[in-house]
Trainee: 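A single structure is presented below for examination.
For the single chain, residues carry numbers from 1 onward in sequence order.
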Amino acid sequence: MTVSRSLGLLAASSLIAGAAVANTDPVNVNEAGIDRLQQLNGVGPATAEAIIQDREENGPFERIDAMTRVNGIGAATLESLRESVTLD
């Protein structure tokens with residue numbers, strides 16, 4: 001492998017790693033849109049939509065544990081999300 005090809009691969013790897021790091025900020029489930037909610041582990045389009053619908057109907061989540069009121073979020077999913085979400 002040539003030096004220039006190695007440097008190109010290194011640069012591409014750095015960009016990919018940087019993109020992954022950029023999305024490690026906690027997701028505010030009281031404000032996030034459908035695309036941002038889907039970045040959460042275990043949250044697909046239907047669950048993201050259910051989160052948005054729930055907060056429109058019931059107001060903002062006051063505790064992370066209240067997310068279990070959303071169809072598709074049970075105890076196991078909640079635990080996997082706990083470190084990735086915020087309420088403010």
Trainee: Ignoring hydrogens, what is the shortest heavy-atom contact between L87 and I64? Give both atom names and the distance.
Mentor: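 The pair with the smallest heavy-atom distance is CD1-N, 3.7 Å.
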Trainee: State, yes or no, whether a side-chain contact exists between Q53 and N71 at a heavy-atom distance under 4.5 Å.
Mentor: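 Not touching, per the 4.5 Å side-chain cut-off.
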Trainee: For residues 41-64, which residue pairs qualify under salt bridge (charged side-chain N to carboxylate O under 4.0 Å, His left out), counting only residues two or more places apart or in two chains?
Mentor: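 Qualifying pairs, neighbours excluded: D54-R69.
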Trainee: Taking the side chain as every heavy atom from C-beta outward, state whether V70 and F61 have any pair of such atoms under 4.5 Å apart.
Mentor: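 Result yes, sub-4.5 Å side-chain heavy-atom pair found.
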Trainee: Looking at CD of E83 and CG of N41, how far apart are the two atoms once the value is rounded to the nearest 0.5 Å?
Mentor: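 Taking CD in E83 and CG in N41, the distance rounds to 12.5 Å.
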Trainee: Just verifying a value: how many Å separate T47 OG1 and I52 CD1, rounded to the nearest 0.5 Å?
Mentor: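 Spacing of OG1 (T47) from CD1 (I52) equals 11.0 Å.
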Trainee: Indicate the atoms forming the closest heavy-atom contact of I73 with L78, along with that distance.
Mentor: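 So the minimum-distance heavy-atom pair works out to CG2-N, 4.1 Å.
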Trainee: Taking all heavy atoms of L40 and all of V27, pick out the closest pair and write down the distance.
Mentor: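 Closest heavy-atom pair between L40 and V27: CD2-CG2, 3.7 Å.
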Trainee: Around atom CG of D65, are there more than 12 heavy atoms of other residues, nucleotides or ligands at under 6.0 Å?
Mentor: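 Enclosed.
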